[in-house]
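Each ligand, and each atom within it, is numbered from 1 in the order the structure gives. This structure is a prediction, so every number in the text was calculated from the model and none was measured.
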Amino acid sequence: MTLSMLDARRMAQRTATSSSSSPSIIYAPSPISNRSGRRAAANHGIRNGSRRAAGRMGLCSTVQVNCTLAMPQPNHGQKMRLQQQQQQQLQQQQQQQLSGKQVEEQAMLQCIKTAQSVPPSTGLLNPRGLRWQGSSLEAAYERCGAVCSEYAKTFYLGTQLMTPVQARCIWAIYVWCRRTDELVDGPNASKITPQALDRWEERLESMFQGKPYDVLDAALTDTISKFPLEVQPFRDMIEGMRMDLFKSRYHTFDELYEYCYRVAGTVGLMTMPVMGIDPNYKGPIDKVYKAALALGTANQLTNILRDVGEDIRERDRIYLPLDELKQFGISEEEVKAGIHKPSQGKVDERWRAFMKFQIKRAREYFQEAEDGVDYLDVKARWPVWSALILYRQILDVIEKNDYDNFSMRAYVPKSKKFASLPMALFRALVPKNK
Ligand SMILES: CC(C)=CCC/C(C)=C/CC/C(C)=C/CC/C(C)=C/[C@@H]1[C@@H](COP(=O)(O)OP(=O)(O)O)[C@]1(C)CC/C=C(\C)CC/C=C(\C)CCC=C(C)C
């Protein structure tokens with residue numbers, strides 16, 4: 001791969017010699033299945049999330065992004081700062097009793113403010129002050145590209161229409177998200193603790209102060225120096241991973257909505273400053289940001305609906321609002337038992353009605369997202385259309401499977417995925433909302 005031998009060796013040394021107090025990321029040439037990673041976690045009795053459950057888009061064998069749990073031990077000052085921040089956040093939320101939608105809205109407003117605080121395409125850090133420059137930074141970005149192309153081929157392909165700088169920055173964000181996700185959903189998930197997530201958050205804060213810990217962090221730090229990324233959605237995603245450690249039931253849609261924002265809507269907020277808004281768009285900025293958030297929610301809801309059976313069987317998790325289940329006359333126990341009748345080749349009528357309701361709502365979020373894509377800068381539209389069209393197809397497959405997401409996994413064949421790319425390109429180049 002593209003990392004120099006030296007970098008690779010340094011990383012390997014770090015990994016080998018790391019105690020729980022030093023960081024590393026391993027890139028091994030051997031294949032790894034995220035399924036087995038999650039099973040390992042289950043075997044260790046660790047509550048593990050299911051945002052994406054089985055198989056990842058395009059996951060295959062040559063690049064592995066795998067965070068070890070080793071992280072830098074924070075110094076006293078950093079620890080105190082982080083604790084204070086966390087306490088403040090918690091206090092704020094407790095005092096204000098924020099709903100999921102409010103948590104999302106606060107972050108969105110912060111992102112807009114940050115983006116408007118500097119001239120377009122200007123970052124928040126001074127690039128000259130950064131330690132990683134030149135070929136090692138190049139290598140870091142190339143590595144991010146390799147990871148992105150391996151794990152998310154269609155996003156990667158879509159980024160090819162962007163400027164090289166934009167594309168590289170999207171890859172860097174992708175890799176940070178993937179690594180964050182791997183902490184609770186990867187092969188080392190069984191060892192993850194809340195403290196490890198705290199340390200991951202300290203690394204995040206350091207990046208925003210221009211101090212990356214490793215070469216991949218350096219790519220994101222450089223991205224922060226190029227575009228006005230706001231730290232809050234990154235914090236919020238880590239908080240979403242914390243939710244996965246502790247929470248296995250969602251009582252209302254608002255609780256689930258908060259989760260969706262934290263693990264997926266945040267991606268929209270993180271990437272907006274890099275993608276940019278069409279200079280011809282004269283409408284309100286928040287309309288575009290809300291569309292970005294809606295795409296995250298739509299994707300996440302879809303992911304959840306696809307993986308209902310697997311989540312309950314393998315992780316005792318129900319990412320469905322319990323009050324809505326009740327409204328459809330379905331108990332938690334029935335979901336646990338799998339409310340379908342395989343002997344008759346049918347799902348229960350109540351489940352079918354419940355799923356129709358859930359799918360309809362997911363489609364409404366896709367629609368809200370769709371209404372905003374044309375307002376993105378033209379160069380960013382293709383990967384976004386790809387993400388939207390491909391994920392939405394999963395809902396069609398669930399319907400085709402007669403809503404049986406207990407014994408079947410809605411799967412969009414690769415051929416169909418690739419066949420959608422020209423359609424996504426067409427939608428990107430020929431906008432309707434003009
Ligand atoms: C330009 C572009 C499309 C950029 C997005 C690239 C990026 C930074 C992706 C990060 C994805 C990631 C690793 C998130 C971590 C949490 C997670 C795993 C969320 C789930 C994704 C699917 O993951 P997975 O690959 O595991 O899927 P499978 O299980 O294999 O199916 C999520 C479901 C959420 C991902 C969320 C998005 C792609 C939302 C993107 C929103 C935008 C880019 C905003 C678009 C703007 C407008 C105006 C509509």
Side-chain angles (χ1 to χ4, degrees), residues 34-35 38 49-59 65 144 147-148 150-159 161-162 166-167 169-186 220 223 233-234 237-238 240-241 244 259-278 281 285-307 310 362 365-377 379-388 390-391 393-394 409-412 417 424 428 433:
N34 65 318
R35 275 177 174 279
R38 292 214 323 271
S50 83
R51 288 160 307 288
R52 11 335 75 213
R56 298 198 158 103
M57 255 188 257
L59 176 63
V65 56
C144 292
V147 172
C148 187
E150 189 79 8
Y151 280 66
K153 283 201 169 47
T154 43
F155 286 154
Y156 180 78
L157 203 65
T159 57
L161 274 196
M162 296 176 159
Q166 274 177 316
C169 293
I170 293 286
W171 304 337
I173 298 174
Y174 177 85
V175 165
W176 185 86
C177 292
R178 184 92 276 161
R179 291 173 99 184
T180 305
D181 183 54
E182 290 276 314
L183 288 173
V184 293
D185 205 13
L220 185 59
T223 298
F234 291 84
M237 182 179 273
I238 297 177
M241 304 301 153
D244 255 337
Y259 175 74
C260 292
Y261 156 66
R262 289 187 184 280
V263 300
T266 46
V267 177
L269 294 185
M270 291 170 192
T271 49
M272 274 302 299
V274 180
M275 294 188 295
I277 293 178
D278 182 350
Y281 174 70
I285 300 295
D286 65 345
K287 182 172 162 84
V288 193
Y289 275 76
K290 281 180 181 157
L293 288 162
L295 184 56
T297 306
N299 283 351
Q300 193 56 42
L301 289 175
T302 303
N303 202 292
I304 286 171
L305 297 180
R306 181 190 64 191
D307 298 331
E310 191 177 311
Y365 283 106
F366 276 119
Q367 186 57 56
E368 189 181 342
E370 196 167 316
D371 293 342
V373 190
D374 293 344
Y375 304 133
L376 288 175
D377 188 276
K379 296 185 288 304
R381 288 181 209 151
W382 190 24
V384 175
W385 274 119
S386 309
L388 194 156
L390 290 176
Y391 243 77
Q393 284 173 352
I394 297 175
R409 185 171 197 265
Y411 172 75
V412 179
K417 278 187 188 169
N433 280 345

Where's the contact between V263 and ligand 1, heavy-atom distance under 4.0 Å: side chain, backbone, both or neither? backbone
M237 and V267: CA distance, side-chain angles, deciding distance, side chain to side chain contact (heavy atoms under 4.5 Å, CB included) verdict: CA-CA 8 Å; M237 182 179 273; V267 177; 3.6 Å; yes
Give the atoms of ligand 1, by number and element, whose distance to some non-hydrogen atom of Q300 is under 4.0 Å. 19 (C), 20 (C), 32 (C), 33 (C)
Numbering the atoms of ligand 1 from 1, which are under 4.0 Å from a heavy atom of V384? 45 (C), 49 (C)
Side-chain contact test, heavy atoms from C-beta onward, threshold under 4.5 Å: evaluate it for L295 versus E370 and give yes or no. no
Sub-4.0 Å atoms of ligand 1 with respect to non-hydrogen atoms of L295: 41 (C), 45 (C)
Indicate, as side chain, backbone, both or neither, the part of T159 found under 4.0 angstrom from ligand 1 when only non-hydrogen atoms are considered. neither
Tell me every residue that passes side chain to side chain contact (heavy atoms under 4.5 Å, CB included) with A410, counting only those two or more places apart in sequence or in another chain. R306, I394, V397, I398, N401
Is D181 close to M241 at the side-chain level, that is, under 4.5 Å between some pair of heavy atoms? yes
Suppose I only count heavy atoms of L376 and a 4.0 Å limit; which atoms of ligand 1 are within that range? 46 (C), 47 (C), 48 (C)
For F234, which residues count as a ring pair (Phe, Tyr, Trp, His ring centres under 6.0 Å) partner, sequence neighbours excluded? W176, F208
Using distance alone, decide if ligand 1 has a nitrogen or oxygen within less than 3.5 Å of any nitrogen or oxygen in Y391. yes
Under a 4.0 Å heavy-atom limit, does Y174 contact ligand 1 with its side chain, its backbone, both, or neither? both
Can you list the atoms of ligand 1 that are under 4.0 Å from a heavy atom of V288? 48 (C)
Taking the side chain as everything from C-beta on, heavy atoms only, tell me whether Y156 gets closer than 4.5 Å to K153. no
Quick one: does Y261's side chain get under 4.5 Å of L269's, heavy atoms only? yes
Charged N to carboxylate O under 4.0 angstrom, D278 versus R381? yes
Within ligand 1, which atoms have a heavy atom of A291 less than 4.0 Å away? 48 (C), 49 (C)
Is R306 near ligand 1, meaning one of its heavy atoms is under 4.0 Å from it? yes
